[in-house]
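These values consider heavy atoms only, across backbone and side chains, with no hydrogens, waters or symmetry-generated copies. Residues take their numbers from the sequence shown, with the count starting at 1.
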Amino acid sequence: MGSKKIRISRVLFSLLFVAVLSCKEKLVDVNTAVASTKKGHPSLVLTAQGVKAIRANLGTIPIFDKTLAIIQKELDVEIEKGFDVPTPKDYSGGYTHETHKKNYILMQKAGALYQILNNDKYAKFVKAMLFEYAKKYPTWPVHPKTRSYARGKVFWQCLNDSNWLVYTSQAYDCIYNFLTEKERYTLETNLFRPFADYISKENPQFFNRVHNHATWGNAAVGMIALAMDDDELLKRALNGVEVDNFNPNEKDNDGGYIRKKGQEIGFFANVDEPFSPDGYFTEGPYYQRYASYPFLIFAQALENKKPDYKVFQFKNGVLIKSVNALLNLSNINGDFFLLNDAQKGMSYYNSSLIATVNIGYHFGGNNPELLSIAKKQDRVTLDDAGLAVALGIKAGKEKPFVKKSIELSDGAKGDEGAVGILRSKELELVYKYTAHGLSHGHYDKLSYALFENGEEVVQDYGMGRFVNIEQKGGGNYLKENKTWAKQTIAHNTITQNQQSQFKGKYDIGSQYHADKYIFSVDNDSIQVASAKTDNAYPGTKLHRTMAVINDSNFVKPYVLDIMRVNSEKSNQYDLPFYYLGHIMQTNFKYSKLKIPQVLGKSHGYQHLYKEANAISKGGNIKLNWLLNNKFYSYTAVTTNNDEIIFARIGANDPEYNLRTDPGLILRKKNTSDALFVSTIESHGTYSPVSELAVNAYSNIKDVSVVFNSNEYTAVKIQTISNKTSLFIVSNKKGSKTQKHSLKISDKAYKWEGPYSYININ
């Protein structure tokens, strides 16, 4: 193994040495490159001055040199193999889709290598591929797959065509001066302008939106406009396409309305509306990760080529803020939290986040904390921003990116709810009280997920999709994304009368947001996030308060959850708890069904099996389970006749599109007002080597509600060693300076602020 590593290292070193030597032998060409920028190229993400600086530093900037050597090795193999430009026919994951995707990535990399190494073979590779596209593109009809509301020509949707143009425009910019004027005319006439026209003028339902799709389209047209110095196309990218024949009732297949004439459209509208002043992207971190590339790469190109737009100053620098916001929306391991449509496992190691971090550093004041993320990513972009990061790391400027508890507002003005993240030691609680999240939103106001050491403990399901896996619906969204993943019962929040919040309808849900109430994280011993919503169900008010409590009577911090429901009429309320792991023990008897029953017919219930149930006689129920060799316990307060349902995902799923994860549902029937109170503890470990279980049982003896009114709720927590604490929250007065007094069992309590946590003994 050791000798193999040495051989690999020697290969990479040799490649790098050849690259550096090549540059030294042709240093006279640096002046030519600088002169070429006077003609405007390269000028998007690589600039002539940047190329000069990169060449001057090659061999002395380890992270950049390593990235360059890896990419050069990859490209040399691909050039030797040759390329294919097949007639489009496949969905995501299919041969034609993946080949065209590979092509645009290779062209972008080859363009950068041509500039940095000054080696014509990389320019020739890009040129040959572009001319093959220029020959074939005019002959291709609209893509034969019909699922998309805006079909592309190269790909099944205009979104992926836009991906192609964003990357390819960078390659074209890099080899622009390698081409003759006649060659450029051919490419621009036969390929680039028709391509830009198709995704904009011919598909305004795609281009004229406020959505990550439109962002890619705007950036694609804008990038090629800058590469071609085409002001008309640039105006189109920034302001959208003027179309008179919009149908105000026309929808795209995601449920979003197309922008009508007179509404704000184009790139700046896509920056202004989806981003909150804190930099939170309303679609959630999974799609912020995806959209961050076109947002920031186009902004970088605008800043380099059209600095008068001051794009990085727009909306008080929100694009730079978005970089820090996005990184804060990842767990300890760098995986993004699952808010709205999201695939598990997506992290800041994704290639688009390399560019995001590099651009954020280069154009955002050289934040040294971003260098520590770049160092973990162990790669940089081969451009001016990547060089800046490489030089910063070389100089030892990096500082740890410290993820603290944070509340990120949602909505263009920051007044449409928020995401609250409570961090205490290894625990991370993600509490969602946001706006809907455009077409990728879920019907799950006041839901949460819990992580320990980066591992999910209480999960959000995420989305119903296997991205780019052709066997599963062509790699696209499965029907179960709408019938299960988006529905309220799929999340850890209240479902009323077995119907999703907002009736599961986009038209309704997109009108409303939850409201922030408390976010208090100044005290490491207790951190609290509280929010409300009055619109999820007509005539029903929901108020959830969540606390992460670091109490010396516990080995680790624990979670306290208080969900209050007030309604004008009697209803059935279900509160699911999607724990992950294997049940060890419960403190209540349950009946396991011989044949699991399907829980319902719609709103996600059709995908849940009822495997066992119990009827509570009041008091606490306790669920103890094992996950990744750690013990956890859930303790919930119940009232007489509450039903406890052991559920499992996977009913009415003939193609096995859903994960068969477990859940526990606490159900209260025929009541207008309801109070759900529970705790979650992480408290022990198991070693399969020593076969020893340590602290396998809950530390909580009893949880009880000792006071509950419209004004206050008080919960008492007693440990097995009879240590008692009391948590009191004001349900109506959330001011930090408000003074309160409350008598509970003939004892008076006084405090300042919206809540109090008291160790009684």
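Among residue pairs with one or both ends in residues 336-355, those qualifying as salt bridge (charged side-chain N to carboxylate O under 4.0 Å, His left out) are Asp341-Lys486, Lys344-Glu456; sequence neighbours excluded.
Within the 3.5 Å criterion, the main-chain N or O of Tyr573 finds no donor-acceptor partner in the side chain of Asn571. In terms of modelled atom types and a separation under 3.5 Å, the side chain of Glu455 and the main chain of Asn453 share no donor-acceptor contact. With hydrogens and angles disregarded, a donor-acceptor distance shorter than 3.5 Å links the side chain of Asn208 to the backbone of Val241. At least one donor-acceptor pair closer than 3.5 Å links the side chain of Asn497 to the backbone N or O of Gln572. Counting only distance, with no hydrogens or angles, the side chain of Gln205 and the backbone of Tyr149 share a donor-acceptor pair below 3.5 Å. Remark: side-chain polar atoms of His491 are not paired, donor with acceptor, to backbone N or O of Ala449 under 3.5 angstrom. Listed for the Asp410 side chain is no donor-acceptor partner under 3.5 Å among the backbone atoms of Ala418.
By the 4.5 Å heavy-atom criterion applied to side chains, Tyr579 and Asp661 are not counted as neighbours. Val419 has its side chain within reach of Ile421: a pair of non-hydrogen atoms, C-beta onward, lies under 4.5 Å apart. Annotation: side chain of Tyr104 is not in contact with side chain of Tyr133 (no heavy-atom distance under 4.5 Å). Leu159 has its side chain within reach of Phe206: a pair of non-hydrogen atoms, C-beta onward, lies under 4.5 Å apart. In this structure, the side chains of Leu664 and Tyr634 come closer than 4.5 Å at one or more pairs of heavy atoms. In this structure the side chain of His513 never reaches within 4.5 angstrom of the side chain of Thr434, judged on heavy atoms. Using a 4.5 Å heavy-atom cutoff, the side chains of Asp161 and Leu165 are not in contact. Counting heavy atoms from C-beta outward, Ile199 and Val221 have side chains that approach closer than 4.5 Å.
Using a 4.0 Å cut-off between charged nitrogen and carboxylate oxygen, Asp444 and Lys432 count as a salt-bridge pair. Ion pair Asp574/Arg667 flagged as a salt bridge, since at least one NZ, NE, NH1 or NH2 atom sits closer than 4.0 Å to an Asp/Glu carboxylate oxygen. Taking the charged nitrogens against the carboxylate oxygens, Glu643 and Lys610 do have a contact shorter than 4.0 Å, which makes a salt bridge. Between Lys403 and Glu428 there is no salt bridge, since none of the side-chain N atoms of the basic residue sits less than 4.0 Å from a carboxylate O of the acidic one. A salt bridge between Lys592 and Glu611 is absent, with no side-chain N of the basic residue lying under 4.0 Å from a carboxylate O of the acidic one.
Classification of the Tyr477-Tyr287 ring pair by plane angle, with boundaries at 30° and 60°, yields parallel. Classified by interplanar angle (parallel below 30°, tilted 30° to 60°, perpendicular above 60°), the ring pair Trp625/Phe577 is perpendicular. Using the six-membered ring where Trp is involved, Trp216 and Tyr290 have ring planes that are tilted, between 30° and 60° apart. Note: Tyr461 and Trp484 have perpendicular aromatic rings, judged against thresholds of 30 and 60 degrees for the angle between ring planes.
His603 and Thr488 are not linked by any side-chain donor-acceptor pair at a separation below 3.5 angstrom, with hydrogens and angles left out of the test. Between the side chains of Asn657 and Glu480, at least one donor N or O sits under 3.5 Å from an acceptor N or O. Counting only N and O atoms by type, the side chains of Ser292 and Thr356 include a donor and acceptor under 3.5 Å apart. Of the N and O atoms on the side chains of Ser276 and Asp278, not one donor lies less than 3.5 Å from an acceptor on the other residue. With hydrogens and angles left out, the side-chain atoms of His607 and Thr483 include a donor and acceptor closer than 3.5 Å. Using a 3.5 Å distance cut-off with no hydrogens or angles, the side chains of Asn340 and Glu283 do not pair a donor with an acceptor. Side-chain contact check for Asn218 and Asn270: at least one donor-acceptor pair (N or O, by modelled atom type) lies under 3.5 Å. Side-chain N/O atoms of Ser500 and Lys505 include no donor and acceptor closer than 3.5 Å.
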Exercise for the section: Evaluate side chain to side chain contact (heavy atoms under 4.5 Å, CB included) for Ile649 paired with Leu608, printing each intermediate quantity in order. Expected result: CA-CA 5 Å; Ile649 305 165; Leu608 281 175; 4.0 Å; yes
Practice task
Could you check Glu407 against Lys516 for side chain to side chain contact (heavy atoms under 4.5 Å, CB included), going step by step and ending with a plain yes or no?
Solution key: CA-CA 10 Å; Glu407 184 177 56; Lys516 297 182 283 185; 3.5 Å; yes
Practice task
Determine, step by step, whether Trp140 and Val154 satisfy the side chain to side chain contact (heavy atoms under 4.5 Å, CB included) criterion, reporting the C-alpha distance in whole Å, the side-chain angles of both residues, the deciding distance to 0.1 Å, and the verdict.
Solution key: CA-CA 8 Å; Trp140 287 338; Val154 183; 4.0 Å; yes
Practice task
Walk me through it: do Arg544 and Thr493 pass the test side chain to side chain contact (heavy atoms under 4.5 Å, CB included)?
Solution key: CA-CA 9 Å; Arg544 191 172 210 166; Thr493 188; 4.1 Å; yes
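Rounding to the nearest 0.5 angstrom, the gap separating the CD atom in Glu452 from the CG atom in Asn331 is 12.0 Å. Distance check, rounded to the nearest 0.5 Å: CD of Gln343 to CZ of Phe466 gives 8.5 Å. A distance of 12.0 Å separates OG in Ser447 from CD1 in Ile494, rounded to the nearest 0.5 Å. For the atom pair NZ of Lys503 and OH of Tyr537, the computed distance is 12.0 Å after rounding to the nearest 0.5 Å. A distance of 4.0 Å separates CG in Asp561 from OG in Ser678, rounded to the nearest 0.5 Å. Rounding to the nearest 0.5 Å places CD of Gln170 at 9.0 Å from OG1 of Thr168.
The two residues Pro194 and Tyr137 come nearest to each other via the heavy atoms O-OH, 4.0 Å. The heavy-atom pair separating Leu627 from Val457 by the smallest distance is CD2-CA, 3.8 Å. Asn333 approaches Tyr349 most closely through the heavy-atom pair O-CE1, 3.8 Å. A pairwise comparison of heavy atoms in Met546 and Leu429 identifies CB-CD2, 3.9 Å as the closest pair. Residues Pro274 and Phe281 share a closest heavy-atom pair of CB-CE1, 3.4 Å.
Aromatic ring centroids of His442 and His436 lie 6.0 Å or more apart. Remark: aromatic rings of Phe275 and Phe295 are close, center separation under 6.0 Å. Here the two rings, on Tyr293 and Tyr167, have centers that are under 6.0 Å apart.
Remark: Arg289 fails to qualify as a cation-pi partner of Tyr348 under the 6.0 Å distance and 45° angle criteria applied to the six-membered ring.
With a 6.0 Å radius and a threshold of 12 heavy atoms from other residues, nucleotides or ligands, Gln511 has its CD atom above the threshold.
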Considering only distance and modelled atom types, tabulate donor-acceptor pairs under 3.5 Å from the side chains of residues 88-98, sequence neighbours left out.
unit_1	atom_1	unit_2	atom_2	d
Asp90	OD2	Tyr95	N	3.0
Asp90	OD2	Thr96	N	2.9
Asp90	OD2	Thr96	OG1	3.2
Ser92	OG	Trp156	NE1	3.2
Ser92	OG	Asn476	OD1	3.3
Tyr95	OH	Asp84	OD2	2.7
Thr96	OG1	Lys89	N	3.2
Thr96	OG1	Asp90	N	3.0
Glu98	OE2	Gly93	N	3.1

